[in-house]
Chemist: 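Structure in structure tokens, see below.
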Amino acid sequence: MRALLSLLRGDPEADRVVPPTGVTASLTVLTAAAMAFLCVFALALSLATSRLAERWDSELARSSTIRISAPAAELEEQTRAAQEVLRLTPGVARSRILGEEEQRLLLEPWFGPDLPVDALPIPRLIEVIETTEGYDVEGLRLRLAAEAPGAVLDDHTRWRRPLVEAANRLRLLGWVAIGLIAASTAAMITLAARAALSANAQVISVTRLVGARDSYIARAFVRRFTLRTALGATIGTAIGMLAIAALPSAAEEGAFLTGLGFQGAHWLLPVLIPILGAVVAFIATRAAALSVLKGVT
């Protein structure tokens, strides 16, 4: 706490070593603002894909589809037989036959809105919703093969796994992006701090002559660059949160970017970005200052 108060209060005499304005000051604030803005979107992407993976996993894991392909004379009989098998299968919560309108909506993206569903030999589709315990997939396949030979069970495993894996990869990329943003911020601040130290080499030499130690001089640089970074990061974070809040909400029909942004308590997470930016600036500036001061005579 004492170190934090000292950092905020500063030392007017030591602060004279650091230029209050100029290219390095503007560059530090601008860089911190831009990086914080990008960090907000990377964080939003990571959280959104996390929710997306959980939703896809939970929704697709509890649903299956039975496709019945049979001659017209046998289609109704096999459909009833499949429904009876589902009714007697433990782990099946409910099942329902998809109507022609629902089938038309499923095929519309590929064949257009004028597809004559009633005139085409389209298989009968049954949607199966399982309980939390689930059912025996292989056992259900065997019973369907015996009672309704034209029925094929699709438990969505081959569809669910790639989708969830893709969402998890996107989430990982979001966190990697945040790490790269932090590293880039540290590099830019280090360059700016080194430039400021080199530009004030004569002032630093005079300050040493009057008894100032390197830690005393470094503290002044650390304070200025940390506060500049915190200011820039606060501005960038605020703009980023406003931009996220202004994003249009996606439709509930399953759009890929449904839920992009922050929800609930996640809106508090971007508040940590300026704090983390200040920590990165503190470490980077201190390391750069002590390194450069060793070479300044």
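For reference, positions follow the sequence shown, starting with 1.
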Chemist: Output every pair passing side chain to side chain donor-acceptor pair (under 3.5 Å) with a member in residues 265-289, not counting sequence neighbours, ordered by first then second residue.
Modeler: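 Checked against side chain to side chain donor-acceptor pair (under 3.5 Å) - neighbours excluded - no pair reaches residues 265-289.
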
Chemist: Quick one: salt bridge (charged side-chain N to carboxylate O under 4.0 Å, His left out) partners of Glu84, sequence neighbours excluded?
Modeler: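 Salt bridge (charged side-chain N to carboxylate O under 4.0 Å, His left out) list for Glu84, sorted by chain: Arg87.
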
Chemist: Just to verify, what does Arg80 make a salt bridge (charged side-chain N to carboxylate O under 4.0 Å, His left out) with, not counting sequence neighbours?
Modeler: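 Salt bridge (charged side-chain N to carboxylate O under 4.0 Å, His left out) check on Arg80 returns nothing, list empty.
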
Chemist: Among Ile, Leu, Val, Met, Phe, Trp and Tyr joined by side-chain contacts under 4.5 Å, find the other residues sharing a cluster with Leu191 and list them by chain and number.
Modeler: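 Its cluster mates, by chain and number: none.
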
Chemist: Taking the side chain as every heavy atom from C-beta outward, state whether Thr65 and Ile126 have any atom pair closer than 4.5 Å.
Modeler: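 No, their side chains stay 4.5 Å or more apart.
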
Chemist: Applying side-chain hydrogen bond (donor to acceptor under 3.5 Å, both in side chains), name anything that partners Asn168, two or more places apart in sequence or on another chain.
Modeler: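 Residues passing side-chain hydrogen bond (donor to acceptor under 3.5 Å, both in side chains) with Asn168: Arg171.
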
Chemist: For Phe37, which residues count as a ring-ring contact (aromatic ring centres under 6.0 Å, His included) partner, sequence neighbours excluded?
Modeler: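 Testing Phe37 for ring-ring contact (aromatic ring centres under 6.0 Å, His included), a comparison that skips the adjacent residues, returns Phe41.
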
Chemist: Mind jotting down which residue pairs meet the side chain to side chain donor-acceptor pair (under 3.5 Å) criterion with at least one end in residues 30-48? Sequence neighbours excluded, please.
Modeler: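 Qualifying pairs, neighbours excluded: Ser46-Trp175.
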
Chemist: Give the minimum heavy-atom separation between Ala148 and Ala81, together with the two atoms involved.
Modeler: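 For Ala148 and Ala81, the tightest heavy-atom pair comes out as CB-CB, 4.5 Å.
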
Chemist: Can you sort out the partners of Ser95 under side-chain hydrogen bond (donor to acceptor under 3.5 Å, both in side chains), two or more places apart, ordered by chain and number?
Modeler: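 Only Gln83 meet the side-chain hydrogen bond (donor to acceptor under 3.5 Å, both in side chains) criterion with Ser95.
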
Chemist: Would you please name every residue forming a side-chain hydrogen bond (donor to acceptor under 3.5 Å, both in side chains) with Thr79, sequence neighbours left out?
Modeler: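 Applying side-chain hydrogen bond (donor to acceptor under 3.5 Å, both in side chains) to Thr79 gives none.
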
Chemist: Listed by chain and number, what are the salt bridge (charged side-chain N to carboxylate O under 4.0 Å, His left out) partners of Glu147, not counting sequence neighbours?
Modeler: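 If we apply the salt bridge (charged side-chain N to carboxylate O under 4.0 Å, His left out) test to Glu147, skipping adjacent residues, there are no hits.
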
Chemist: With sequence neighbours excluded, tell me which residues meet side-chain contact (heavy atoms from CB on, under 4.5 Å) with Arg141.
Modeler: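 Residues passing side-chain contact (heavy atoms from CB on, under 4.5 Å) with Arg141: Val137, Glu138, Leu153, Asp155.
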
Chemist: Using the salt bridge (charged side-chain N to carboxylate O under 4.0 Å, His left out) criterion, which residues pair with Glu74? Sequence neighbours excluded.
Modeler: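 None.
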
